[in-house]
Amino acid sequence: LFQFHAIDIFFHFSEVKWNFVAKAEKQLSLAIGDTVHIQESCEGEGFWDIAFTFAFIACLFFHQSSKKERFSQVQRLMWDLMEWRSQLLSGTLPSDEFKELKQKVTSKIDYGNKILELDVVVRDTDGNILDPERASVISLFRAHEDATAKITERIKEEQVFISLSFNGFLRGNYLVRWGDKGLPKDIEMLNSLKVVFTVSHLQISLVCLGYLWKVIAENDFLHTLLNKVTTSRGDCGGQGLWVTMKALVGDIVQIRKEYPHLVDRSTVVARKLGFPEIIMPGDIRNDIYLTLHSGDFDKYNKTTQKNVEVIMLVCDEEGKNSICLGAGDRPVNEYRSVIYYQIKQPRWMETFKVAIPLEEMPRIHLRFMFRHRSSQECKFSSFSVSCKLISSFTHSQTDMDILHVFCVFLQGDSKRMEAVSSYLSLPSERTHSDSHKGSTLMRSSSSVCGLSVSSRDIFTISTLVCSTKLTQNVGLLGLLKWRTRPEMLKQNLQELKLIDGEEVVKFLQDTLDALFNIMMEHSQTDDYDILVFDALIYIIGLIADRKFQHFNTVLEAYIKQHFSATLAYKKLMSVLKTYLDVSSRGEACEPILRTLKALEYIFKFIYLLYVMMSSPDCRDILLPMMLRELSGALAVVGEGLQDEKRNSVELLNNILEVLSRNDVVRASQRADFLMETFLLFKDLIGKHVYPSDWVTMIMVQNRVFLQAINTYAETMNHKFLDNNNFEVQLWNNYFHLAVAFITQESLQLQHFSPTKRSKILAKYGDMRRLIGFAIRDMWYKLGKNKICFIPGMVGPILEMTLIPEEELRRATIPIFFDMMQCEENHSGHFRKFENEIILKLDHEVEGGGGDERYMELLQSILLECAQGRPQLLTEVQHFVTLVTGLLERLLDYRSVMSEDSRNNRMSCTVNLLNFYKDINREGMYIRYLYKLRDLHLDGENYTEAAYTLLLHSKLLKWSEEQCTLQLDYQTLQSQRQLKETLYNTIISYFDKGKMWEEAITLCKELADQCEMEVFDYELLGQKLNQQAKFYENIMKILRPKPDYFAVGYYGSGFPQFLRNKVFIHRGKEYERREDFQSQLMSQFTSAVRLNITTMPGDDIKNSNMQCIHVQCFTVQPVLEIPPRLRNKPVPDQIINFYKSNYVQRFQYSRPVRRGKVDPDNEFASMWIERTTFITAYKLPGILRWFETTVSPLENAIETMGQTNEKILTMINQYQCDDTLPINPLSMLLNGIVDPAVMGGFAKYEKAFFTDEYMNEHPDDRDKLTRLKDLIAWQIPLLGRGISLHGKRVTDDLRPFHERMEECFKQLKKKVEKEYGVRELPDMDERRSTRPRSMLRSVRQSICSLAGSECGTPTKTHPER
């Protein structure tokens, strides 16, 4: 199959040279030309095994289009691994580099396993796989945590790198000055323009190295040009901005140390524009980012637009100024914008940073001056000015861009513009109303100090404030500056919870300092203790939230480096004790839950104080207080004040007394302990404590659970098994825990790959088998107490037996028989067990449990167990038949529910609901009725949905009895209410399906109830109006006749409910046979279409799984006029409905040639062969199709004909061969003539030859005559057979023969009297003188179904 090329020792590529179809579990289907990566097995343990498994899995992504991106990712990883492997195998690396590279390789493999959704591999510090046998559980857990954290960190790095590239994550400025040649002005910096962008919460830095080329652009704003350059693709002809990027892990200090060749002291660091994800204590920042957005300047009296330059300065009242343009450049005194030539609405989009000392913020303002620069001379003429107080930029939403639209003041004298007093008192921003006045405003308003507001000029900037010290949030500001207004302190503390969490965490250090200062400065009173404590709990809860969880490091850093409020210890402990005391008394304590969640950090604050005890001052303050608390607690133990040591001894004595109490109390405590432990284990198993890829940790946990459960089982056997100490709840908890353990997902080895399964079995064994055998042993030890767990334990035991493990099933299925015996001995039956297993079996199989092998084992094991209990054998056989039939239908149902074929799903649903109806399980029957209803509604089969709900309504009575809760009706109501609700729904469905005749019938029934029972005349009027509307629809609305199609499914490849059966399908409106057939064949893509309309031969019916055939042709419905319409002048609109509805008989006619063909008149030899199909139910019904069926009478005729044929054939055989043994002939004849064993035509007489049957089936007279004729012909056949038997019988069988003759005489007398005498000619063709044609005619009379109609489906629908 393959042509191999060796790549290296471990990898081979092969090219497929021949098609290959997989026929076993460990085979791959291959096509010519496929390329396959072959992995050779590798002995020993180590990370290379995982690497090559990883490589093999990676190649499987190749042909999956949805995985192409993932495959490329895996491909890159594999190339790296192969390169590093070559280095490791070279033997030239020093030991430290070898170790480092090995760590790098294992890290890459673990990352690859994660993205391929494989299990986590835990390793030691050297990169070797950690052996769980040699590691403690705690160290194993921490190793899993570390491995997961590293992989998660790596994935985050990948995601952040992508976001940096595509989402504009970094917006900080890096300034490079270059000349008109397209090169930096500082030519020495060519190829050395480096900047570090930092992302603080992941500690990732991007080192960018830039190369600049000249870019030619015309009539473009600069920011538009840059956008075009950065978004361009392909070859730019040597022009463009070229940047290389490299991600480095670590903070700025770390990367300078580890990557000195990339980051040195001269490398520029650009901070994130805006707040970082984590604001560490001590990270003080007070920056304002301004973006010159755009402007709109009128030319006034000029003929052309101005060439506007914007100059910005940072000023105080005295005119001092300072500006920082960005990373990579020195601070400057002023900022000058780009000048655009004669543009009325320039868009600059130029961003720079203004860094202001905190103490100067209230006094600083920004001044924007606008000047016109002449294009001919280097002259400037100032024409306007704008200003803005810097303090007004501090906004509570500091991470959002705020847009400001400024007023522009006109002034021609630049010197007067620089006078602060001339403009500072003027309004800085336009109001909302001003911006909408437009041209209606005058050119200028009133003049102030020589400046006038321009109504035509607009200037817009956007700002982003990044300050860890300034906020305008009133509540937070009030708390931070609580000393200025102490009377508001209580309100500010209470309103802290209402402040946006993002604002609180940004000022975390200042907020915590304020809270502890409040405590410290009110140490003599407890007025604010609870409020401060609640505020502290709220802040800790904020940080515990997933949204702010990365601020945990900030809080940790604050505790270790900045917390110094030593005297707060007592107040924290006091409030905590108060809350605990209130809660312990059972009183309501709303903050207790939040307090318990925050205990970790509360105790960290307290522990820090303990560490500070080394300071003498702290010791003098805290130690006496702690001793007082401890002394008070110990004094409670004894009477009066006592020595501390004595109190400690007394406390120990009390503990010893508790431990040495009598055995009765200890037994009770032991039972409570076991029950609580079982519940805890079950809860841990169900909640999936560890991630699903922590397989090693999960298996170690399961091994511990298994050992503990088995240990506790021994205690239960010794202490709680006898009747005096038997604890039903304890044993119930044990069984439910054991079943939860055995059925947990992590132990279902059948879902794992063969490699993973074999490794688990080798290291841990199959724990399911071990615990399953333990459950079996514990069950059989219960003795007469078993009845306490029936039927409660039926479901859990069933769930365990469904696990696909042969030995486990064989060991646990006999428990079912033991349950039957227990209930039989206790109650005289096992109906509770039967009901429970039917209910649970439906749920479990639908959920994926069970298979055909389980059905075989269940049947054989239960029947084998019943052989030893003859009195139970019949009941067990009935039960096995019942459960086997249910399992067959449930497995069929489960197999088709995942298919696209809605028809198959409907068929299996109907099979199940009919089964539940037959065994009188009403709840399950209704459940599947509604599943069928939903399937019909999905396909817009409203008529069929109505018939389905009609079956539910027939189960209800017009009474006030309360009905049980139903699937779609979850409120308690009477049967009358539910039936009325169902009728209204059904009527609406019939209306949509244009089945108004059925809707009218239900309206009449509802109207009768309204008129005669509930006397609701208003509702009666509504129903009569609705009924009248339906009558009108019948006469006026055209209803297309649906076509009907016969469909046969032949071959072993079809499921049992379709195989070798014929169905009549009701087509939809205007649906052609070609369309129906195309849709049908799309469901069975591998099927062959049969182009014949006759029944195919046995070769097609018995074809193998791969060769299936579908037959489809049109049939005509046979009109069955209702008796009330017969012989009456009925309008065509009414009679046409019955031509295609309420039909059960369908015919197909085809021409055949018989006799001599007349070439001049083909009709002279043309015969019509007509085939009649009878469906199991009338159409339409609960399905759009029904199986064709043979009526009971036709079945009797067919059976009698086959019996006569069998007698005749055996007579001929014995006449021709004297050596044949006599026993087969004896059994055949005696089975018919002996009344003790006879079940033949005597039953037909009771079923069909009665006046009642004749009245109900007047059309069957000819068939009844045929059946009587076959019975009459059986007598001479039996006579001939008995005569032949008498000649061949031996002496020891002579009494048997004589009794058979006596029985035959009585039978012959009765039949000849009732059905007449028939004479049988000599049927031996060798000796007979009669023509062969006559013999064939006689044989046809005796055996054939002459005159019967052809059909295939088993029930008939009663006449409506």
Side-chain angles (χ1 to χ4, degrees), residues 275 278-286 358-359 361-362 391 394-398 465-545 548 551-576 591 594-595 598 601-602 604-606 608-609 612:
F275 280 113
I278 300 177
I279 305 170
M280 298 298 292
D283 184 6
I284 298 174
R285 195 170 177 189
N286 201 45
L358 181 63
E359 61 276 5
M361 286 291 288
S391 58
T394 56
H395 191 276
S396 60
Q397 299 295 329
T398 55
V465 179
C466 184
S467 175
T468 58
K469 292 296 181 182
L470 294 176
T471 178
Q472 286 187 347
N473 187 287
V474 177
L476 186 57
L477 195 61
L479 181 61
L480 295 178
K481 298 183 177 182
W482 62 274
R483 291 185 183 87
T484 60
R485 298 193 65 185
E487 71 278 3
M488 298 290 294
L489 178 56
K490 185 175 181 179
Q491 179 181 344
N492 289 330
L493 285 170
Q494 291 172 338
E495 292 179 353
L496 177 64
K497 301 176 185 178
L498 305 178
I499 300 173
D500 184 12
E502 293 186 7
E503 196 72 8
V504 174
V505 296
K506 287 175 184 175
F507 301 92
L508 186 60
Q509 180 180 352
D510 293 337
T511 307
L512 291 174
D513 283 344
L515 291 177
F516 285 115
N517 286 336
I518 293 169
M519 269 192 169
M520 296 286 287
E521 296 187 21
H522 295 83
S523 59
Q524 302 303 318
T525 177
D526 59 359
D527 294 346
Y528 301 105
D529 290 359
I530 291 180
L531 290 173
V532 172
F533 187 88
D534 288 347
L536 184 62
I537 295 302
Y538 167 71
I539 292 174
I540 295 173
L542 264 183
I543 294 172
D545 191 297
F548 305 113
F551 276 87
N552 281 327
T553 54
V554 182
L555 185 56
E556 295 280 357
Y558 177 82
I559 294 172
K560 293 177 181 178
Q561 301 171 17
H562 297 269
F563 176 57
S564 58
T566 54
L567 292 179
Y569 162 80
K570 185 174 182 179
K571 291 182 175 289
L572 290 176
M573 290 298 296
S574 175
V575 178
L576 178 60
R594 296 195 302 273
T595 302
Y601 286 106
I602 295 295
K604 282 184 177 180
F605 284 117
I606 296 170
L608 180 62
L609 295 173
M612 294 166 62

*Asks:* Can you name the one residue among Val532, Asn492, Asp527 that meets side chain to side chain contact (heavy atoms under 4.5 Å, CB included) with Ile518?
*Replies:*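 Result for side chain to side chain contact (heavy atoms under 4.5 Å, CB included) with Ile518: Val532.
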
*Asks:* Is any side-chain heavy atom of Leu515 less than 4.5 Å from a side-chain heavy atom of Ile539?
*Replies:* yes

*Asks:* Partners of Gln494 by side-chain hydrogen bond (donor to acceptor under 3.5 Å, both in side chains), sequence neighbours excluded?
*Replies:*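 For Gln494 there are no side-chain hydrogen bond (donor to acceptor under 3.5 Å, both in side chains) partners, ignoring immediate neighbours.
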
*Asks:* So, for Phe516 and Leu536, which heavy atoms are closest and what is the spacing to 0.1 Å?
*Replies:*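 Here Phe516 and Leu536 meet closest at CZ-CD2, 4.0 Å.
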
*Asks:* To the nearest 0.5 Å, what is the distance between CD1 on Ile540 and CG on Leu512?
*Replies:* 8.0 Å

*Asks:* Once rounded to the nearest 0.5 Å, what's the spacing between atom CE of Met519 and atom CG of Leu531?
*Replies:* 10.0 Å

*Asks:* At what distance, to the nearest 0.5 angstrom, does CD of Glu521 lie from CH2 of Trp482?
*Replies:*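 Between atom CD of Glu521 and atom CH2 of Trp482 there are 4.0 Å.
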
*Asks:* For Asp529, what residues pass the salt bridge (Lys or Arg N to Asp or Glu O under 4.0 Å) criterion, not counting sequence neighbours?
*Replies:* Lys571

*Asks:* What are the two closest heavy atoms between Leu496 and Tyr538, and how far apart are they?
*Replies:*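 Minimum heavy-atom contact is O-CE2, 3.6 Å.
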
*Asks:* For the residue pair Lys490 and Tyr528, establish whether any side-chain heavy-atom pair is separated by less than 4.5 Å.
*Replies:* yes

*Asks:* Would you please test Arg483 and Leu489 for side-chain contact (heavy atoms from CB on, under 4.5 Å) and show each step?
*Replies:* CA-CA 8 Å; Arg483 291 185 183 87; Leu489 178 56; over 6 Å; no

